[in-house]
Amino acid sequence: MPTPRPDLEPDGSLSREEMESLQHEIADAAVFEDQFAFDPAHLSNPLEATTAGSSATEPPIVVGVDQSFLTNDAGEQDRALSAVVAMRGGVVIERAHAVTSLEIPYIPGLLAFREGGPILAALAELSVDPDLLVFDGSGRIHFRQAGIATHVGVVLDVPSIGVAKSLLCGEPQGGLENRAVGTRVPIEANARVDAPDGTLLGYAVQTRQYDSPNRSINPLYVSPGHRVGPGTAADIVLELATSYKLPEPVRLADQYATDAKEPLE
DNA sequence: GCGACAG
DNA sequence: ATCTTGTCGC
């Protein structure tokens, strides 16, 4: 993992005002457009990946990140377990995890200050260098355009994408019910977001759907973290969601976070 | 004051 | 996030 920028690291001991101020700095430093070297196509197929470029080209390393929580004797969540799964060409090449004590409770909009520390600790255990980080949570879809995907992406200056299962803020530009796989509905800034109204924050992306129009699967809310534009972020998530609704690196990190805590409780 | 609110 | 049974549908 690259060396983190110490001045921007999420610190759970900061005051709320300091946290929000830091988020403005993060948003200013963030790049919400494509700025990476790897080929965003064929991220998930090993054969395509190895034959796509020249013999010297390696498929990019995509790292999924997710957390689970541990409970103390009093029955309260006191520790976070962060799990990271590194994949290349659709194949898992390394996993790592870290357990840290929690500094603050969950507060909407301040998730990075609760889970950012454990995530950086887990990424530090990784021997490979990530080309792309995929998070379970928002990126630019955030009150101050600095969700956890953006925050960690900027601190490490690594391209990143936010994938949330529910919408934190912003206004979907169209219906989200019963959309076909591949559909992407723009999410624009509204009054709750610290950005001009109408700013494109990300997309509601349909990676799975039922055959019958009776029931409907909820979309994923995909937004740029850092150095990835909204359209490319949606493309990549669809590319990585090969077997399930969630992109494979995140799904495996989710599973690993659950499995790794079992021997600890 | 009321409503909204990633994991 | 986490606590949890049954139930509908392919």
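All chains are named by letter (A, B, ...) in the order of the sequence lines, taking the proteins before the strands, and each is independently numbered beginning at 1. Please read all numbers here as calculations on a predicted model, not as lab measurements.
- Regarding Y210(A), its OH atom lies at a distance of 9 Å from the C1' atom of dG9(C), rounded to whole Å.
- When the side-chain nitrogen and oxygen atoms of S166(A) are compared with OP1 and OP2 of dG7(B), one or more of them lie within a distance under 4.0 Å.
- For the pair Y106(A) and dG7(B), the ring geometry qualifies as stacking, because the centroid separation is below 5.5 Å while the planes lie within an angle under 30°.
- Across all strands, S68(A) comes closer than 4.0 Å only to sugar-phosphate atoms, never to a base (heavy-atom distances).
- Contact annotation for L110(A): base contact, defined as any heavy-atom pair under 4.0 Å involving a base atom.
- At the heavy-atom level, G109(A) lies under 4.0 Å from base atoms of the strands shown.
- The distance from atom CG of D211(A) to atom C1' of dC8(C) is 15 Å, rounded to the nearest whole Å.
- Residue contacts for I141(A): at a heavy-atom cut-off of 4.0 Å it reaches no nucleic acid atom on any strand shown.
- With respect to D157(A) and R227(A), a salt bridge is recorded, a charged nitrogen being found less than 4.0 Å from a carboxylate O.
- To the nearest angstrom, P of dC3(C) lies 9 Å from CD of Q77(A).
- To the nearest angstrom, P of dC10(C) lies 16 Å from CZ of R208(A).
- Rounding to whole angstrom units, CZ of residue F69(A) and P of dA6(B) are separated by 13 Å.
- A donor-acceptor contact under 3.5 angstrom links the side chains of Q67(A) and S82(A), judged on distance only.
- Taking the six-membered ring where the residue is Trp, the centroids of F32(A) and H226(A) are separated by 6.0 Å or more.
- A close approach under 4.0 Å does occur between a side-chain nitrogen or oxygen of K165(A) and OP1 or OP2 of dG7(B).
- The pair E20(A)-R16(A) meets the salt-bridge criterion, with a side-chain N (NZ, NE, NH1 or NH2) lying under 4.0 Å from an Asp/Glu carboxylate O.
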